[in-house]
Amino acid sequence: MKTIAENTNRKHKIAVITNGWSSEFLSMALEGVREEAQKDLSDLFVFVTFNLSGGSPGQSKNQMQIMDLIRPEEYDGIILFANTFNIPEEHALARKLIGKHNLPVISTELKIPGAAMVGTGNYQGVYDLACHLIEEHGVKSVVYVSGYAGNEESNIRRQALEDALSAHGLSLTDTMPGDFGFYRSSIQTAQWIEDKKPIPDAFVCANDHMALAVISTLHKHGIEVPGDCLVTGFDQIYEAKVSYPLLATVSRPWKEMGATAFRELIRQIDDPNPDFEKIYDSRFIPSESCGCEADETARDVRLDKMRNHYAESNETTMVDFFFQEIRVAMAQTGSKEEFHETAEQTLGKRHFFGRNYCICTEPQFFELNEDSEPIVSTGFSSEMDVLFERRDGEPAPLRTFPLAELYPGYHQEEGRSNVYIFSPMNSSDMLIGYLALKNSPEILYDSRFKRWINNMESLLITIRQYIFAQQVNRKLREIYMTDFLTGMHNRTGCENVLYARISSEKAAGHEMLLLFADINCMKEINDGYGHLNGDLAIKATAQALRHSLPDDWLFGRYGGDELIAVGRNDSSRTIEDYRRDFSAALKKIVDRLKISFHLSASLGAYIIAPDNTGTISDYIRIADASMYEEKQKAHEAIRRMMGKPLPQ
């Protein structure tokens, strides 16, 4: 059998899949995996969801999309922290990965068909705990606070409790469902008391969260632990180590289990054995909540927590204040480019997610579709935006990157083992993107990590809504100032947009030219050929004016058949040059459209000097007067051509 160092065709990349709510488990199990990965010089890619049982289907669906980033063929194997999974979709993903790819897979705590398993025994620790309660504290009545109905770990712990009771001639008094959750257990305990059910000698809980909930609720109702009732937990989470009373619980060697999972995974690259199982015994830890004295180390941990309580509480509050501040600072961000610029001045100075992290968003996240509706992503795009990045503590440029890289710019670093963590960013009905961390797993272990992500999600959605509101307002403003017939600015647009251009160009010292076009004999066209042809005459004249002038000019329909155009004055050209080009453009359009009536227009002009203080109405009046003679000649020519007098 080959050793780790002798394995050939190694990619030195391991995928780890977990639910992030089990931060206490991750802080130990992932550290065990990490230490072994460092010895092996392998990179870890940790894919984290924050699914909760009973969460909305849309939220769960968007959370699960982070798993679409996993390309099994790019890894040596996969470690499933299966005991952290909270929803059926997470378990279904595990079965899919095992069934479709010929890769070694190690599951923790739960046996999954086709995968090897490393776990801890649930039975022995609870059996020893129950014997201790009975033999040392004289417990006779026991209520079991269970996990989810049908959960294997919860059932094994219950069985160990019943077996210990039976061995001492006792039986389980009752079961109270807690579903592994603090709030559910609080509600159930309060209901137990309100229903005036007898308080047992001990509540034995399937995990620490439920045990802490039971202690808190009993205290609120005047029932003290351990004086009036004993309470025990399972898992020895951090909160159990700093509570009052200190929680009697069962510990599991999670760090050692993580290390074993990595070593066995590497071994199975060349020697697959999905039937492999390694089970570590759990161990009962007596403490204050079961009526025992806590050891000195445990008391010191609690005192240290008390000393640091204000600092930690203040830090959490300051983080919330910080996100409120940057939400105000970014409240009028008009684009992702502006977001990045502002983020450099705000997020760039903070280390919430470590010195190396990226906020990766869908390219369409800040865009509207043709119907002015937000574009909702149904999955990750092949190209993603790096909306914000800290690289070695410094902000990095806004850019796009191929999704296949996962972490922007990823490459394996010779002689190093790196940890990359990927967590989805979404709302209940929308995929935003994902957060990617490099070499900051301790951030994942912090119970506030999800809170920080929620703050970032809320910030991005707020900015997105503002950008969309601005885009819609601009479109409404454009509609409000646009003439539907010609597509040019209407009179309001002329008085705002065109005049604003004239003012800005004058301020920059540029001479401007305003051209004023008026269709000849417009009334006769309407009377003789109908208003539809009158509209056609206006549209054709507007097109001719556009086609005869540079692209950077602005155009407007000032009213009726009166059209204007403004742009920088070209001193090398005369008004006759503009009239000639305009007439030629109009003739081409008339010929192309086969217009049956005579169509011509007169063109006046006014040169606006930088120091001119007139209004746009002043400029139009002067330009209109300048074409009076041309218009009179045009009317006379039309009379002669049609052989009958026409009004002037």
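Fair warning: this is a prediction, and the values are worked out from it, not measured in the lab.
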Working to the nearest 0.5 angstrom, can you tell me the gap between His12 NE2 and Asp40 CG? 5.5 Å
Is the backbone N or O of Leu406 less than 3.5 Å from a side-chain atom of Tyr434, with the two atoms forming a donor-acceptor pair by type? yes
Nearest 0.5 Å, please: how far is CG in Asn83 from CZ in Phe25? 4.0 Å
Check whether any side-chain N or O of Asn426 sits under 3.5 Å from a backbone N or O of Ile432 as a donor-acceptor pair, and report yes or no. no
Between atom CG of Leu549 and atom CG of Leu554, what is the distance when rounded to the nearest 0.5 Å? 11.0 Å
Any salt bridge between Glu495 and Arg491, counting N to O under 4.0 Å? yes
With side chains defined as the heavy atoms from C-beta onward, is the minimum distance between Met384 and Phe401 less than 4.5 Å? yes
More than 12 heavy atoms of other groups within 6.0 Å of Lys588 NZ: no
So does Ser548 get a backbone contact from the side chain of Asp581, meaning a donor-acceptor N/O pair under 3.5 Å? no
Any side-chain to backbone donor/acceptor pair from Gln63 onto Gln59? Under 3.5 Å, distance only. no
Pairwise side-chain contact, Arg451 with Asn455, heavy-atom cut-off 4.5 Å (strictly under): yes
So, does Asn151 use its side chain to make a donor-acceptor pair with the main chain of Glu153 at under 3.5 Å? yes
What closest approach, in Å, do Met430 and Asn62 show between heavy atoms, and which atom pair accounts for it? N-ND2, 3.2 Å
Just by modelled atom types, is the Asp392 backbone N or O under 3.5 Å from a matching donor or acceptor in the Arg355 side chain? yes
With a sphere of 6.0 Å drawn around CZ of Arg477, does it hold more than 12 non-hydrogen atoms of other residues, nucleotides or ligands? no
Between Glu394 and Arg391, is the closest basic N to carboxylate O distance under 4.0 Å? no
Between the CD1 atom in Ile106 and the NZ atom in Lys278, the distance rounded to the nearest 0.5 Å is 13.5 Å
For side chain to side chain donor-acceptor pair (under 3.5 Å), just list the numbers for Arg546 and Thr486, CA-CA rounded to whole Å, side-chain angles, deciding distance to a tenth of an Å, and then say yes or no. CA-CA 10 Å; Arg546 284 183 185 275; Thr486 63; 5.8 Å; no
Heavy-atom closest pair, residues Leu513 and Trp553: CD2-CH2, 3.8 Å
For Glu109, is there an ion pair with Arg252 - N to carboxylate O distance below 4.0 angstrom? yes
Just checking, is any N or O donor in the side chain of Glu89 or Ser60 under 3.5 Å from an acceptor N or O on the other one? no
Hey, is the main chain of His489 close enough, under 3.5 Å, to the side chain of Asp483 for a donor-acceptor pair? no
Regarding Asp385 and Thr361, is there a side-chain donor-to-acceptor distance under 3.5 Å anywhere? no
For Gln268 and Asn273, indicate whether the former's side chain and the latter's backbone hold a donor-acceptor pair under 3.5 Å. yes
Using a distance-only test with no angle check, is there a side-chain donor-acceptor pair under 3.5 angstrom linking Tyr410 and Asp43? yes
Under a 4.0 Å threshold between the charged nitrogen and the carboxylate oxygen, would Arg34 count as salt-bridged to Glu31? yes
Exam field: side chain Asn418 to backbone Gln412, donor-acceptor pair closer than 3.5 Å: no
Heavy atoms of other groups near Lys61 NZ, more than 12 under 6.0 Å: no
